[in-house]
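Everything on this sheet refers to the single structure shown next.
All chains are named by letter (A, B, ...) in the order of the sequence lines, taking the proteins before the strands, and each is independently numbered beginning at 1.
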Amino acid sequence: MVSLKDLNTSKKITWCPGCGNFGLISAFKGALVELGLEREQVVLVSGIGCHGKMADYVNVNSFHGIHGRVLPVATGINLANPGLTVFGFSGDADCYDEGWDHFCHAIRRNVNITLIVHNNMVLGLTTGQTTATSQTGFRTKSTPFGAAVPPLNPIAHAIVSHGTFVARGFAGDPKHLQSLIVQATRHRGFGYIDVFQPCVTFNYLNTYEWFKQRVYKLEEAKHDTNDRLKALEKSFEWGDRIPIGIFYKEERPTFNDSFPQLKDKALVDMQIDNVNVDRVLQGMS
Amino acid sequence: MVSLKDLNTSKKITWCPGCGNFGLISAFKGALVELGLEREQVVLVSGIGCHGKMADYVNVNSFHGIHGRVLPVATGINLANPGLTVFGFSGDADCYDEGWDHFCHAIRRNVNITLIVHNNMVLGLTTGQTTATSQTGFRTKSTPFGAAVPPLNPIAHAIVSHGTFVARGFAGDPKHLQSLIVQATRHRGFGYIDVFQPCVTFNYLNTYEWFKQRVYKLEEAKHDTNDRLKALEKSFEWGDRIPIGIFYKEERPTFNDSFPQLKDKALVDMQIDNVNVDRVLQGMS
Amino acid sequence: MKNGDFSFLIGGEAGAGIARAGFLFAKACMRGGLHVFGTNDYQSLIRGGHNFYVARVSDHEVFSQMDFVHLIIALNSETVVLHKNKLAPNGGIICDKDDLSLTPEESSSGLKLYPVPMRKIVIEELKEPHNLIIMNSVALGAATAVTDYDLNLLTELLKETFKPEIAETNIKAAKIGYNYIKEHFEADFEHKLGKTAQPRKPRIFLNGNEAVGLGALRAGCKFYVSYPMTPTTGLLHFMASNERDFNMVIVQPEGEIAAINMAIGAAYAGVRAMTTTSGGGFCLMSEGLGMSGMTETPIVIMVGQRPGPSTGLPTYTAQGDLRFVIHASQGEFPRIVVAPGDVEECFYETARAFNWAEKYQLPVILLADKYVLESEVSTESFDMDKVKIERGLLIRDRYTESRVYGRYEVTETGVSPRAGPSTVGAVVRANSDEHDEFGLVTEDPAVTATMCEKRMRKLYYVKREMEERNIETVKFYSSKDAEATIISWGSTKGPIREAMKLLSAEGRNVNFSQVVYLHPFPKAKVEETISKARKIVAVENNNTSQLSSLIRDHVLRNVDHKILKYDGRPFNPIMLAEKIKEVL
Amino acid sequence: MKNGDFSFLIGGEAGAGIARAGFLFAKACMRGGLHVFGTNDYQSLIRGGHNFYVARVSDHEVFSQMDFVHLIIALNSETVVLHKNKLAPNGGIICDKDDLSLTPEESSSGLKLYPVPMRKIVIEELKEPHNLIIMNSVALGAATAVTDYDLNLLTELLKETFKPEIAETNIKAAKIGYNYIKEHFEADFEHKLGKTAQPRKPRIFLNGNEAVGLGALRAGCKFYVSYPMTPTTGLLHFMASNERDFNMVIVQPEGEIAAINMAIGAAYAGVRAMTTTSGGGFCLMSEGLGMSGMTETPIVIMVGQRPGPSTGLPTYTAQGDLRFVIHASQGEFPRIVVAPGDVEECFYETARAFNWAEKYQLPVILLADKYVLESEVSTESFDMDKVKIERGLLIRDRYTESRVYGRYEVTETGVSPRAGPSTVGAVVRANSDEHDEFGLVTEDPAVTATMCEKRMRKLYYVKREMEERNIETVKFYSSKDAEATIISWGSTKGPIREAMKLLSAEGRNVNFSQVVYLHPFPKAKVEETISKARKIVAVENNNTSQLSSLIRDHVLRNVDHKILKYDGRPFNPIMLAEKIKEVL
Ligand SMILES: Cc1ncc(C[n+]2csc(CCOP(=O)(O)OP(=O)(O)O)c2C)c(N)n1
Ligand SMILES: Cc1ncc(C[n+]2csc(CCOP(=O)(O)OP(=O)(O)O)c2C)c(N)n1
Ligand code: SF4
Ligand code: SF4
Ligand SMILES: [Mg+2]
Ligand SMILES: [Mg+2]
């Protein structure tokens, strides 16, 4: 089982001092230790953006892919080797703009992976433009007059996409976040956590303070995680109070379950040296 | 104002006899006449699939684009010339698979266009494979053991994306559909209609009969189109009874409204022969 | 069968079962020991319009359809109107007796007509007014009778193809059609197939999609992901139908971007993975292609060309994407592009593609087209022993070296030992950013240059292996006293080989250099095959002669003539032979 | 300023305002009448790491940075460690006095140090402990003093750049830095800038992104859509900041696929539309590119190259996408690819690109790179009168011909009269499927071939117009008795011209042929410029020498030598001159 100190790499962390990613990475490392996983059981898939650097900073197997494609890569890994515990790390632009295509589809497939979205409501690495989740009025160099369009509500979309584990965390509360990550990972199916991750450099609106003043925990509010409509209602809550925690949870077959041929053996363990195709040839003769 | 007979083209219609697209096209043509639009006020944008042939069969301006990209093309047209009435015709694969990227974003922008999705729950033109909206268990040549994954719920996603006009029609009831198209077009903002369009050749499950036995009209059920949560609840109704009609409606600024520079003059009408850039040069000197 | 050659064409509306009927009759011919090439011409629609299937049947090997046909099986009158000019002397037409639009005009034109009341038979005798598609079985029965062929071969196939009840009706239909001809017409059709001998060697009848599929199955492809796109959809269907028997995972995802990224994920995890598409989908895959190159993740991509640009003619054929697939994606990285020209190459090159991909840890593109993927041909069954699985430097289960594992270790060949993520003792990092040996991001100029060279070096070793193992990167079909050398690639191979036969029958000989591997370009071999040519003639299904551009680029030589066709249709042999003669 | 030349480098962590500080000092130099070239080297991170800005200042025109610098302005000690080897004889280093890691090691090494307590000044004197970024203004003030330059030029700029209060603090900081040097050090720095004369002609200081933006504004671009991607993000910001003043619509959409399709929609509706991206985004745009070609919808795409493959080195420079952009997208269709080599070309070629696009109704690709887009240079203000708006065959308001309007009317030039959808009397159909003259879908072979030829014909007329109007598709910089001809494209232009100066100072002369238009390839002009060359030397920022491949392809000639750099960094003139000498 990995220990915290095994999880560091030789890379110097280059996130801005105070960045929400620090809380996020410590929650993740803590979760890995808490889950008691061996290093060879874990794969981290990350996108392009500040969040993508997770691959450089956690000493486990990783696939640092292209912008927006965390989910299909993670899906491929999971199907090829369901024995691996796959974590996707994506950004708000990575997942809700460029990669939006894949989000709802991966969720409805209930791919057995965990997705953690570093939602800083801004394009961090490209120096601060609006994303799908930027607040209306948010001024950036690409929207000098303020973002005009209401933000996307990824939690609601995840619920509507038949999500089986839909949660939101806050990088400013790493302990709570760690517990969410552990639960999402133990969940059989798609464990999704949108994480409020303050970008101290480019997001002047959604600061630690802003979040701290607003977030409250659903579990403390006795929210029923089995009620889809209630979960949706909670997902619309956005103002003085913003919920974090688990919105919705359910059990249903994973994408893997739909392939009975994977039941006994992972694809990666199958013998391919001498595949017999005679039966197919017969049909052609 | 166009009349019905002006709306035919020289092209022979090649949809399969009995295809739901016949009901859909007649509803659309009827709506054009009812709306009293001139030909030069209308642009039809279509995707690739059986639905895409709308561009060949309705004698108005058209842009028959590539697979999945109806919405960005329509958005570009609308922004360049808001005086045009733009209709998008997309398919379930076109809009909810290949083009999913754009759907929620165009809706939250509230682009002032009308989108009509020929939802036959199957890839028609490529000879019948599953799409995002195919029913669980649906057997096709690409899913010989039946689709394993629950279908996407586009209506719910549209509502969650801050849709301002979210409706469902049925090609088997062209009169009702025509009225929806008229209302969606008159609506200031994104008018979205998902249309049950039976594919008589490849969809053995969702036939005219199947729909006829199930659909009922929201307006007859006294559904309140102003209640977002109720609308969502209705969108989940899928079984013996399936609602058609308007799920949700609201007024909010369109994407165009966020560009004050478009207020007096369309981009297409602006003079470009001698743009003066002195002020910018000054800043550089 | 005069000159040992017979061609038929069956035509009608889409939805009338044209392709299946043509396929069945063609396959029946193969079962009877004949060689067959059949190809399907259809429009981008599901019902209506005009489809036809044309097949050539022969007692010797055939590589393409012919310009003319001996028998037209017309399921509607339009078929006659559109194709009667293709009829060979003394050819015949089977048509519907009650298709009145026919009789006045056509019967007086000297065409040999075999009117059969097909529709009436289906409605009145078979009592299947809602199943007019059965007309085609009536027609096939009639065709069997006209050509004096063995009806059992057909009925046997109908039995295998359909569920019992449906098979029964169709067999009945075929018999009625057969008997109708025997009863109403003289047995004087000149182009008889006659009773045929038993097949000599076991043969199969399949198209390019199926051959690629077989190659993938045999090569141990375990993960296949594809978003439907003509002309590769047939392969998706083939793979899906074999999914469980072969313990594969087949995914039809939300689009081509997802497809290639899923394939890369699966390949990173350690399985052989493949995706297929056509040009438009390949555009969407091009970013992933570059990621495969950068992360050195082996994948196989089959691209089925069709006429572009853009949506173009979705159901027709072209060779317009050669340069595109060679150069797709930003930056420079090694890839292999191979263009199978017939079903045999589809099979063997697909199987080999997985070896290339894994041994050199790069993307391999199989560049096919509608014509080769959707044309059926009879061929000797493939030799499975020729397919060897070579996975290259693959670390299994446990990494035991003392030094820390580096996924991108810089080696002489540029190939680094590849471990899967479940390997104990190795942290396996793939990275689309420039990276160091351990897969950690780098921006260092020296490391950047080193890594670029490491990756590019692989191509040198690919070329070396190709030479050492004598891979047929170029196939040369020589003739004595050749007046010119045709050079081409991909599916034009069939018509070219047929044209060569025609030309040599006239005493005009040409060589043919088929470039099978387009990238890395087999410069030396191409040079060799064209260096002594009296004339070089490029034949391609495109407008700009992309192969010529590659030849100029690599061999610094202009071809002397170009014969180009870009109307969506394959070359026909006679026409092609004429064009070649014009430039000789 | 010895030899009329002075270079400085300012370095520090990301977030320390390095690029801005470098820019300001460079611009102050321009304001004083000097010529300046400045370029920014930064990593893909927001804080930390190491960034530097290097600028060359001269009394004559300069085209690139130099290999060495005379003054290092070190905001942290790492800057000294990393760059001190670049210091010219008698060069100096301004550093933080209290950066202790420096003193023992460096002060004894003979480096001329100007330690200034920058941090202390900010914290104690300015009382801004949370705004350490102000250190760079202290440093700039110090640099002004060391070089004996006019402080007013700097303070003026600070005033223009910042909001009043912030400007005030920074001006104060600069003055303190200035005075500190004047008080504590001898005025014996060899490389003084001295008091400068008033500028002769009105000049501007801008980078390639801004020059492209200016070109687009001036050309009447009304719709600009872009998803942020280095190195083109600067243009997005430029356009957004001018959105309202210039009545444009600027959209940052959900991705590059949306971007290009929106641009095409807007262009179809009749406005000039543009999108920008880098390689990865261009992959995603490639399907739309083909649609622009097929639907004959004019758009301008700027591609800013950076080192690939895949994500590569996002913030560095390369020329690896040449072949890709020429061949991207399936099928064959006309496009124009032009590669500006400096800000002037960025401006004029962008403006012209909109004319090409509309006159020939095709996509035009501006192929730039990080180096040209993000390097600032002083230049004479552009001549706006040189930009003429030519919209080609554009039908406005009303179609009045008697024949039915056909968007794809087959004409001799291949260009069809283009109406917008709001034109009265015309039904305007754009179609990505193959189509007839009216834009209705077709699958007919003859129409298919005709339409393919119609589209391809446009390129012939493009070439003709280029010749007739004497467009500088190739720029030739000749020298007397040239020993060789350098051939290159794009941003390598700057370092090459500097290297030429260096070489000629040694009596070694070379010519330089800059290929500005890469597609259609200006074969005749290239041939002309290289035909008499004693030697041809290709210089490129890539690994495979893609221009050489184009030359082989079109001119059937191998270059004699290739000087290639693929480590993400631009060429430096001295190093390049050395490499050239090696092959002369
Ligand atoms: C196809 C493509 N388009 C654009 C980019 C440029 N790019 C790099 S990071 C990034 C956005 C990052 O934003 P987000 O995903 O929110 O991550 P953050 O930096 O905020 O963590 C973009 C657009 C890219 N790398 N690839
Ligand atoms: C990029 C791309 N991928 C795949 C295709 C192939 N293709 C043509 S039509 C179609 C799907 C059509 O399904 P749908 O959108 O539901 O339309 P329908 O035919 O059912 O009306 C596909 C996948 C394509 N044209 N382009
Ligand atoms: S830019 Fe924002 S998200 Fe990126 S490292 Fe800095 S604070 Fe974090
Ligand atoms: S395939 Fe289906 S959707 Fe397409 S035309 Fe036929 S019935 Fe209609
Ligand atoms: Mg972000
Ligand atoms: Mg459909």
Side-chain angles (χ1 to χ4, degrees), chain B residues 9-11 38-43 45 48 52-53 55-56 59-69 71-81 83-84 86 101-102 104-106 255 259-262 265-268 270-285, chain D residues 202-206 210 214 217-220 222-223 225 242-249 251 253-255 257-273 287-288 290-291 295 381-382 384 389 420-433 438-441:
Chain B
T9 69
S10 61
K11 277 275 149 189
E38 298 292 344
R39 207 200 299 279
E40 62 272 12
Q41 293 177 304
V42 177
V43 183
V45 181
I48 297 293
K53 302 185 177 193
D56 267 355
N59 195 20
V60 294
N61 300 302
S62 61
F63 196 108
H64 192 174
I66 47 181
H67 185 46
R69 315 304 168 193
L71 287 174
V73 171
T75 300
I77 296 171
N78 170 256
L79 289 171
N81 191 350
L84 294 167
V86 183
D101 227 8
H102 315 300
C104 302
H105 289 284
F255 197 37
F259 301 99
Q261 59 273 40
L262 294 183
K265 217 179 208 178
L267 291 184
V268 75
M270 286 171 188
Q271 216 8 68
I272 63 165
D273 276 331
N274 203 359
V275 177
N276 189 320
V277 298
D278 288 352
R279 221 188 39 78
V280 183
L281 285 175
Q282 246 143 49
M284 292 168 170
S285 63
Chain D
R203 286 188 311 155
I204 50 179
F205 189 55
L206 80 177
E210 292 162 326
L214 261 182
L217 293 185
R218 171 67 187 163
K222 285 288 149 206
F223 189 83
V225 53
N242 286 296
E243 171 175 34
R244 294 202 181 164
D245 291 341
F246 285 84
N247 292 321
M248 300 182 292
V249 164
V251 181
E254 59 271 26
I257 299 177
I260 192 165
N261 280 280
M262 284 184 187
I264 289 172
Y268 162 81
V271 307
R272 291 191 153 191
E287 197 191 5
M291 179 162 85
T295 59
S381 193
F382 305 129
M384 292 302 146
I389 307 298
S422 54
T423 310
V424 177
V427 174
V428 184
R429 288 193 204 89
N431 202 335
S432 78
D433 275 291
F438 306 104
L440 293 164
V441 74

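- Chain D forms more heavy-atom pairs under 4.5 Å with one residue of B/Ile66, B/Thr75, B/Asn81, B/Val277 than with any other, namely B/Ile66.
- Using a 4.5 Å cut-off between heavy atoms, D/Val251 contacts chain B through its side chain alone, with no backbone atom that close.
- The greatest number of non-hydrogen atom pairs below 4.5 Å with chain D, out of B/Ala266, B/Gly283, B/Ser62, B/Ala80, is found for B/Ser62.
- In this structure, B/Val268 and D/Ala269 approach most closely via the heavy-atom pair CG2-O, 3.2 Å.
- Using a 4.5 Å cut-off between heavy atoms, D/Tyr268 touches chain B through its side chain atoms alone.
- Chosen from D/Asn261, D/Thr295, D/Leu217, D/Ile204, the residue pairing most often with chain B at heavy-atom distances under 4.5 Å is D/Asn261.
- B/Lys11 contributes a side-chain N or O that, together with a main-chain N or O of D/Val441, makes up a donor-acceptor pair within less than 3.5 Å.
- Between chain B and the options D/Gly220, D/Gly439, D/Ser432, heavy-atom pairs under 4.5 Å are most frequent for D/Ser432.
- Between chain B and the options D/Gly425, D/Pro253, D/Gly265, D/Gly255, the largest number of non-hydrogen pairs under 4.5 Å is found for D/Gly265.
- Here the closest heavy-atom approach between residue D/Ala258 and residue B/Pro72 is recorded as O-CB, 3.6 Å.
- Summarising the geometry of D/Glu254 relative to B/Asp101, their closest heavy-atom pair is CG-O, 3.8 Å, with the distance given to 0.1 Å.
- Using a 4.5 Å cut-off between heavy atoms, B/Asp278 does not touch chain D at all.
- Only the backbone of D/Ala219 comes within contact range of chain B, with heavy atoms under 4.5 Å apart.
- Closest approach of D/Pro421 to B/Asn61, counting heavy atoms only: O-ND2, 2.7 Å.
- The shortest non-hydrogen separation linking B/Gly65 to D/Met291 is CA-SD, 3.6 Å.
- The parts of B/His102 that come within reach of chain D are both its backbone and its side chain, each placing non-hydrogen atoms under 4.5 angstrom from that chain.
- For B/Asn59, the parts lying near chain D are the backbone and the side chain together; criterion is any non-hydrogen pair under 4.5 Å.
- Of the two parts of B/Val43, only the side chain, counted from C-beta on, holds a non-hydrogen atom closer than 4.5 Å to a non-hydrogen atom of chain D.
- Residue D/Ala263 does not touch chain B at all, counting heavy-atom pairs closer than 4.5 Å.
- Counting heavy-atom pairs closer than 4.5 Å to chain B, the top-ranked of the candidates D/Val427, D/Ile260, D/Val424 is D/Val427.
- Nearest approach of B/Gln261 to D/Met248, heavy atoms of both residues: NE2-O, 2.7 Å.
- Contact annotation for D/Phe246: only side-chain heavy atoms (C-beta onward) come within less than 4.5 Å of a heavy atom of chain B.
- For chain D, the nearby part of B/Phe259 is the side chain; its heavy atoms alone come within less than 4.5 Å.
- If you take CG on D/Asn242 and CZ on B/Arg279, they are separated by 6.0 Å, rounding to the nearest 0.5 Å.
- Here the CD1-CZ distance, from B/Ile272 to D/Arg272, works out to 4.5 Å after rounding to the nearest 0.5 Å.
- With a threshold of 4.5 angstrom between heavy atoms, B/Leu84 approaches chain D through side-chain atoms but not through N, CA, C or O.
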task = Mind running side-chain contact (heavy atoms from CB on, under 4.5 Å) on D/Ile389 and B/Val275 for me, showing each step along the way?
result = CA-CA 10 Å; D/Ile389 307 298; B/Val275 177; over 6 Å; no

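- Interatomic distance, OG of D/Ser422 versus CD of B/Glu38, reported as 13.0 Å (0.5 Å rounding).
- Atoms NZ and CE, on D/Lys222 and B/Met270 in that order, are 5.5 Å from each other to the nearest 0.5 Å.
- Atom CE in D/Met262 sits 10.5 Å away from atom CG in B/Asn78 (nearest 0.5 Å).
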Start with the C-alpha gap between B/Leu281 and D/Met384, add the side-chain angles, then the distance that decides, and say whether side-chain contact (heavy atoms from CB on, under 4.5 Å) holds. CA-CA 11 Å; B/Leu281 285 175; D/Met384 292 302 146; 3.8 Å; yes

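- Heavy-atom distances place the side chain of D/Leu206, and not its backbone, under 4.5 Å from chain B.
- Contacts between B/Leu262 and chain D at a heavy-atom distance below 4.5 Å involve the side chain alone, from C-beta outward.
- Shown here are the ring pair (Phe, Tyr, Trp, His ring centres under 6.0 Å) partners of B/His67, two or more places apart in sequence or in another chain: C/Tyr227.
- Within the 4.5 Å cutoff, the side chain of B/Arg69 has no heavy atoms near those of the D/Ile264 side chain.
- Considering only heavy-atom pairs separated by less than 4.5 Å from chain D, the leading option among B/Ala74, B/Gly83, B/Pro260 is B/Pro260.
- Heavy atoms of D/Ala426 lying under 4.5 Å from chain B belong exclusively to its backbone.
- For the set B/Asp56, B/Ile48, B/Val45, the entry with the most heavy-atom pairs within less than 4.5 Å of chain D is B/Asp56.
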